[in-house]
Protein chains: 2
Amino acid sequence: MPRELAHPDIEAVTLAKVLSALGDPVRLHVMSIIADGNEHTRKDFDVRLAQSTFSHHIKVLRDAGLLLQRMEGTRCYVSLRDEARDRFAAVLDSVLAADRAERAK
Amino acid sequence: MPRELAHPDIEAVTLAKVLSALGDPVRLHVMSIIADGNEHTRKDFDVRLAQSTFSHHIKVLRDAGLLLQRMEGTRCYVSLRDEARDRFAAVLDSVLAADRAERAK
DNA sequence: CACATTAATCGATAATCGACGATGTTCGAA
DNA sequence: TTCGAACATCGTCGATTATCGATTAATGTG
């Protein structure tokens, strides 16, 4: 596979795109994990989906500019994309807080 | 048509549903208009879509618990739903602010 | 080198979504 | 009472999305 994954220009990302990407339970879960700013591998997300399906969700977040994906050997590390945090700080913070609140219920 | 439109129980609304509903330019525009807390009629939203398509978007927002729809005679008034504002205050505020910022660009 | 691991991508399928025109209902006006 | 305006809903369409299994690529490991 291409060792370089395509990440969109953050300026080209629209708010609607971001919200649409966040509007899915699986992807919200991924965001809640990478919200700590660290890199994570697949094992950190225990979703019971086919591997290819999970890859798809990661790609949606990546295409929305929210997630940074780095390949190292056969491993894949994902983390919150800094430019996204800068550009959508308030939205991401409030969404992640609401997600925690909902999960805690 | 039924003079009473169905509005979901606000407790049954999930964050993912809300974000998914907000993840569309037309619906973001509607939200930005009703954010003032007042009631609005169709003429306040100048979208160049078929009437039925606009109705569809209104219904999506209504089903996400975000919008209150009141019929009076042949007119339809829509406004921000108070329970949604209470439950998702931070998310709505940040999203609407980001929308304004994006539009102002 | 052969083989297992990790994960993107491809191809298929089913479900959902955005858009539209047509229809039906309610109401106000002539 | 008949007409028109306003708007929800229905049926349909093409496009997108979610899911999966299979394939492929890269890299470890025996």
Side-chain angles (χ1 to χ4, degrees), chain A residues 1-8 13-31 33-34 39-64 66-79 81, chain B residues 1-8 13-14 16-31 33-34 39-79 81:
Chain A
M1 291 296 87
R3 44 205 172 278
E4 301 276 321
L5 277 333
H7 290 74
V13 171
T14 64
L15 177 63
K17 269 275 182 200
V18 167
L19 296 175
S20 184
L22 293 175
D24 176 281
V26 173
R27 298 195 289 262
L28 271 180
H29 178 237
V30 171
M31 291 301 291
I33 301 272
I34 66 174
E39 287 192 318
H40 293 269
T41 63
R42 295 302 173 93
K43 298 173 214 61
D44 295 339
F45 316 94
D46 66 324
V47 295
R48 40 191 193 74
L49 290 169
Q51 173 258 322
S52 58
T53 303
F54 190 66
S55 264
H56 161 71
H57 285 295
I58 293 292
K59 179 173 156 57
V60 171
L61 289 173
R62 178 164 38 93
D63 287 346
L66 295 174
L67 179 147
L68 183 70
Q69 202 170 359
R70 183 174 68 83
M71 304 300 293
E72 189 177 297
T74 65
R75 292 284 172 61
C76 157
Y77 296 94
V78 298
S79 54
R81 194 166 154 193
Chain B
M1 290 297 87
R3 44 203 172 279
E4 302 276 319
L5 276 334
H7 290 74
V13 171
T14 65
K17 269 274 184 199
V18 167
L19 295 175
S20 183
L22 293 175
D24 178 281
V26 173
R27 297 194 291 262
L28 271 179
H29 177 236
V30 170
M31 291 301 291
I33 301 273
I34 66 174
E39 286 191 320
H40 293 268
T41 63
R42 296 303 173 93
K43 300 176 213 58
D44 295 338
F45 316 94
D46 65 324
V47 295
R48 40 192 192 74
L49 290 170
Q51 173 258 321
S52 58
T53 303
F54 190 66
S55 263
H56 160 72
H57 286 296
I58 293 292
K59 178 173 159 57
V60 171
L61 289 172
R62 197 179 70 221
D63 287 346
L66 294 174
L67 179 147
L68 183 70
Q69 201 170 1
R70 185 174 67 82
M71 304 299 293
E72 189 177 298
T74 65
R75 291 286 171 62
C76 156
Y77 296 94
V78 297
S79 55
R81 196 167 153 191

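Everything quoted here is computed from the prediction, not taken from an experiment. In what follows, chains carry the letters A, B, and so on, assigned in the order in which the sequence lines appear, proteins first and then strands, with residues in each chain numbered from 1.
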Below 3.5 Å is the cut-off: list the nitrogen or oxygen pairs between protein and nucleotides 12-16 of chain C, distance only.
none

### Side chain A:Arg81, main chain A:Leu68, donor-acceptor under 3.5 Å
no
### Task
Return yes if some donor-acceptor pair links the side-chain N/O of A:Arg70 with the main-chain N/O of A:Val78 below 3.5 Å, else return no.
no
Between [N] atom [atom2] and [X] atom [atom1], what is the distance in whole Å?
{"X": "A:Asp44", "N": "C:dA7", "atom1": "CG", "atom2": "P", "value": "10 Å"}
{"X": "A:Phe54", "N": "C:dT6", "atom1": "CZ", "atom2": "P", "value": "14 Å"}
{"X": "A:Lys17", "N": "D:dT17", "atom1": "NZ", "atom2": "C1'", "value": "11 Å"}
{"X": "B:Arg42", "N": "D:dA6", "atom1": "CZ", "atom2": "P", "value": "11 Å"}
{"X": "B:Lys59", "N": "C:dC17", "atom1": "NZ", "atom2": "P", "value": "11 Å"}
{"X": "A:Arg75", "N": "D:dA26", "atom1": "CZ", "atom2": "P", "value": "18 Å"}
{"X": "B:Leu67", "N": "D:dA8", "atom1": "CG", "atom2": "P", "value": "10 Å"}
{"X": "A:Leu5", "N": "C:dT6", "atom1": "CG", "atom2": "C1'", "value": "13 Å"}

### Query
Got A:Ser55 and A:Arg42 here, is their nearest side-chain heavy-atom distance under 4.5 Å?
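Contact flag for A:Ser55/A:Arg42 side chains = yes.
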### Query
Is any side-chain heavy atom of B:Val18 closer than 4.5 Å to a side-chain heavy atom of B:Thr14?
no
### Query
Within the structure, does a side-chain N or O atom of A:Arg27 lie under 4.0 Å from either OP1 or OP2 of D:dA18?
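Affirmative; the distance criterion is met.
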### Query
With respect to the phosphate group of D:dT9, does any side-chain polar atom (N or O) of B:Arg62 fall under 4.0 Å of OP1 or OP2?
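Yes, B:Arg62 has a side-chain N/O under 4.0 Å of OP1/OP2 on D:dT9.
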Measure the spacing between [atom1] of [X] and [atom2] of [Y] and express it to the nearest 0.5 Å.
{"X": "B:Ile34", "Y": "B:Tyr77", "atom1": "CD1", "atom2": "OH", "value": "15.5 Å"}
{"X": "A:Asp24", "Y": "A:His57", "atom1": "CG", "atom2": "NE2", "value": "5.0 Å"}
{"X": "A:Lys59", "Y": "A:Ser52", "atom1": "NZ", "atom2": "OG", "value": "14.0 Å"}

### Query
When all nucleic acid strands are considered with a 4.0 Å heavy-atom cut-off, which category describes B:Glu72: base, sugar-phosphate, or nothing?
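Nothing, no heavy atom under 4.0 Å.
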#### Entry: For A:Ile58, the option from A:Val26, A:Val30, A:Asp63 that meets side chain to side chain contact (heavy atoms under 4.5 Å, CB included)
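It is A:Val30; the other options fail the test.
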### Message
Students often mix this up, so state it plainly: with edges at 30° and 60°, are the rings of A:His29 and A:Phe45 parallel, tilted or perpendicular?
### Response
perpendicular
Listing time: all N or O pairs from protein to nucleotides 19-23 of chain C that are below 3.5 Å?
residue : atom : partner : partner atom : Å
C:dA19  : OP2  : B:His57 : NE2          : 2.5
C:dC20  : OP2  : B:Ala50 : N            : 3.0
C:dC20  : OP2  : B:Thr53 : OG1          : 3.1
C:dG21  : N7   : B:Ser52 : OG           : 3.1
C:dG21  : O6   : B:Ser52 : OG           : 3.0

